[in-house]
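Written below as structure tokens is the structure these notes are about.
The sequence lines fix the lettering, A, B, ..., with proteins before strands; numbering per chain opens at 1. Not measured: the values here are computed from a predicted model.
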There are 2 protein chains.
Amino acid sequence: MKGTLTDRQRQVLDFIYATLEKQGVAPSLREIQAHFKLASPFGVKRHLDALTAKGALRRLEGKARALLPPLPSIRRGLMTDVPLFGTIPAGSPSAQEQEPDRTLSIDTTSLGIHPGTTVYALQVRGDSMIGASILDGDVVFLTPRPPRPRDIVAALIDGESTLKRFLHRDGLPFLRAENPRYPDLLPATELVIQGVMIGLLRRVPQ
Amino acid sequence: MKGTLTDRQRQVLDFIYATLEKQGVAPSLREIQAHFKLASPFGVKRHLDALTAKGALRRLEGKARALLPPLPSIRRGLMTDVPLFGTIPAGSPSAQEQEPDRTLSIDTTSLGIHPGTTVYALQVRGDSMIGASILDGDVVFLTPRPPRPRDIVAALIDGESTLKRFLHRDGLPFLRAENPRYPDLLPATELVIQGVMIGLLRRVPQ
DNA sequence: CCCGGACGTGTTCATCTGTACACCTATGAA
DNA sequence: TTCATAGGTGTACAGATGAACACGTCCGGG
């Protein structure tokens, strides 16, 4: 089988990629050996041979530390790097952070934006937008632009940040949660829209 | 000076990054030596020493091919390319296509997978999974692996493809929509799981 | 003129690293 | 039982690789 790795093979593969991500260089056979407390580098070699045969890994023969992901065959579109800021409560509002936790990369076509568009991402906490199919833990993509009614926005309302639907009533803007258990938010002093939601990314825990 | 590289040093640095991009692994001293037609690896070493001293390069001492960009400011993670196939009905099942419509690129960390993992994407049609916060038009990421109970799966049931939750009853697997208006699906002849959902991407129409 | 920095040559050495072989254990299918 | 597969041990070897030293050239500044 091509796609079916054994438990041990998956552990080895995970370690290789973890090392690649963490220190930028693939581990040598003996580093893998040490990590799994094996007594011989040969055991490692056979795992690598198996992984290569199954197409889960690519090697540059004879070269040191030349363990790579298998060849991406398709041409990649234009990419954008989206800074992911901490969490934004979809429940009650809270203060906004400044430093991105990490960066997320995705091609512009899939996000439905033009290259150069400013995009940032926030992770949702709480269930107040569940009626819009936005769950706790989801990452929402936002772009700073003036909101239109019914847009979902990240708003700074009275100094606190929150994710809600942007609506008008009697000519006045207000924010509504997509969950009947949360009340409408009427800005007491000011309503600053930080961004309009343009997309969403969800990871299902494995 | 820290930031001012000599011509030669810049050439070496460019070659290192070019090699990194092209084959995924940094060159060894002797590969650099060969590229510049030098007669000794020692000349290369002094260039690397100079580059390191000037902060233009980072090395993991003693390790082979451990030439890295200086402490990454916004280092893009490892990318994966996901083929996006046509639509999959979350309502009634339909036949499965073969050719990908387009390819979607995203970094592996954000998807929560390791590079090399087989992933494909399908676009959802219908509202039968709305209880799992999956909407019409959403793109779901799937990986082929044996499903566990309560996984959301793309299944080939009696020759038709559909997205449903995978469950067991009396030891027998069956599929359930996350929408009370749809009945459970009990496989008449065979139940082939094409993939398990690992993530979701939504584009909000602008 | 002398000096230091950048750059290059030949050579040697100690590790690092991948590869190979012979042999062992456990498990599951035929 | 036999066989294949996955996984492991211990040892050995060869080539890849980084590091080091002594000795050059060229060039610009004091």
Side-chain angles (χ1 to χ4, degrees), chain A residues 1-20 22-70, chain B residues 1-17 19-20 22-70 116 145-146:
Chain A
M1 271 301 185
K2 187 169 180 289
T4 47
L5 302 182
T6 65
D7 286 353
R8 201 54 160 165
Q9 286 165 5
R10 174 138 296 281
Q11 287 174 31
V12 173
L13 193 63
D14 286 354
F15 175 69
I16 292 171
Y17 287 132
T19 306
L20 252 176
K22 193 168 143 243
Q23 62 173 23
V25 183
S28 66
L29 294 216
R30 278 167 184 80
E31 286 172 356
I32 300 173
Q33 174 194 340
H35 179 262
F36 290 102
K37 302 196 198 314
L38 301 184
S40 161
F42 190 57
V44 176
K45 174 172 162 48
R46 270 197 308 214
H47 282 128
L48 297 190
D49 288 346
L51 287 168
T52 308
K54 289 180 179 177
L57 192 67
R58 186 166 49 107
R59 303 189 67 185
L60 306 182
E61 212 167 327
K63 295 187 176 174
R65 297 172 185 273
L67 312 176
L68 301 164
Chain B
M1 272 302 184
K2 189 167 180 293
T4 48
L5 303 183
T6 66
D7 286 352
R8 202 56 161 163
Q9 286 164 7
R10 174 137 298 280
Q11 287 174 32
V12 173
L13 193 62
D14 287 349
F15 175 68
I16 292 172
Y17 287 135
T19 306
L20 256 175
K22 195 168 142 242
Q23 61 173 25
V25 182
S28 66
L29 294 215
R30 279 167 183 80
E31 285 171 357
I32 300 174
Q33 173 195 341
H35 179 263
F36 290 102
K37 303 198 196 315
L38 302 184
S40 160
F42 190 55
V44 176
K45 174 173 162 48
R46 270 196 308 214
H47 282 128
L48 298 188
D49 288 345
L51 288 168
T52 308
K54 289 179 180 177
L57 192 68
R58 188 165 49 106
R59 303 189 66 187
L60 306 182
E61 213 167 326
K63 295 187 175 172
R65 296 172 186 274
L67 311 176
L68 301 164
R145 68 158 170 82

- At under 4.0 Å between heavy atoms, what does A:L38 touch on the DNA or RNA strands: base, sugar-phosphate, or nothing? sugar-phosphate

- Query: Closer than 4.0 Å, any side-chain N/O of B:R46 to the OP1 or OP2 of C:dC7?
  - Reply: no

- Message: With a 4.0 Å cutoff (strictly under), does any side-chain N or O of B:K45 reach OP1 or OP2 of D:dA20?
- Response: yes

- Aromatic rings B:F15 and B:H35: how do their planes relate, parallel, tilted or perpendicular, breaks at 30° and 60°? parallel

- Message: Any side-chain N or O of B:T6 below 4.0 angstrom from OP1/OP2 of C:dC7?
- Response: yes

- Query: Does the side chain of B:V44 come within less than 4.5 Å of B:V12's, by heavy atoms?
  - Reply: no

- Message: On the side chain of B:S40, is there an atom forming a donor-acceptor pair with the base of C:dG10 - under 3.5 Å, no angle test?
- Response: yes

- Is the backbone of B:A66 close enough, under 3.5 Å, to the side chain of B:R59 for a donor and an acceptor to pair up by distance? no

- Task: Report yes if the side chains of A:H47 and A:Q11 come closer than 4.5 Å at any heavy-atom pair, otherwise no.
- Result: no

- D:dT17 OP1/OP2 closer than 4.0 Å to side-chain N/O of B:Q33: no

- Please state whether the phosphate of D:dG8, meaning OP1 or OP2, lies under 4.0 angstrom from any side-chain nitrogen or oxygen of A:R8. yes

- Note on the structure: Side-chain atoms of A:S28 come closest, of C:dA20, C:dT9, C:dG18, to C:dG18

- Query: Do any side-chain nitrogens or oxygens of B:H47 fall under 4.0 Å of OP1 or OP2 in C:dA6?
  - Reply: no

- Message: Can you work out whether A:D49 or B:R30 has the more 5'-proximal nearest nucleotide on DNA chain C?
- Response: B:R30

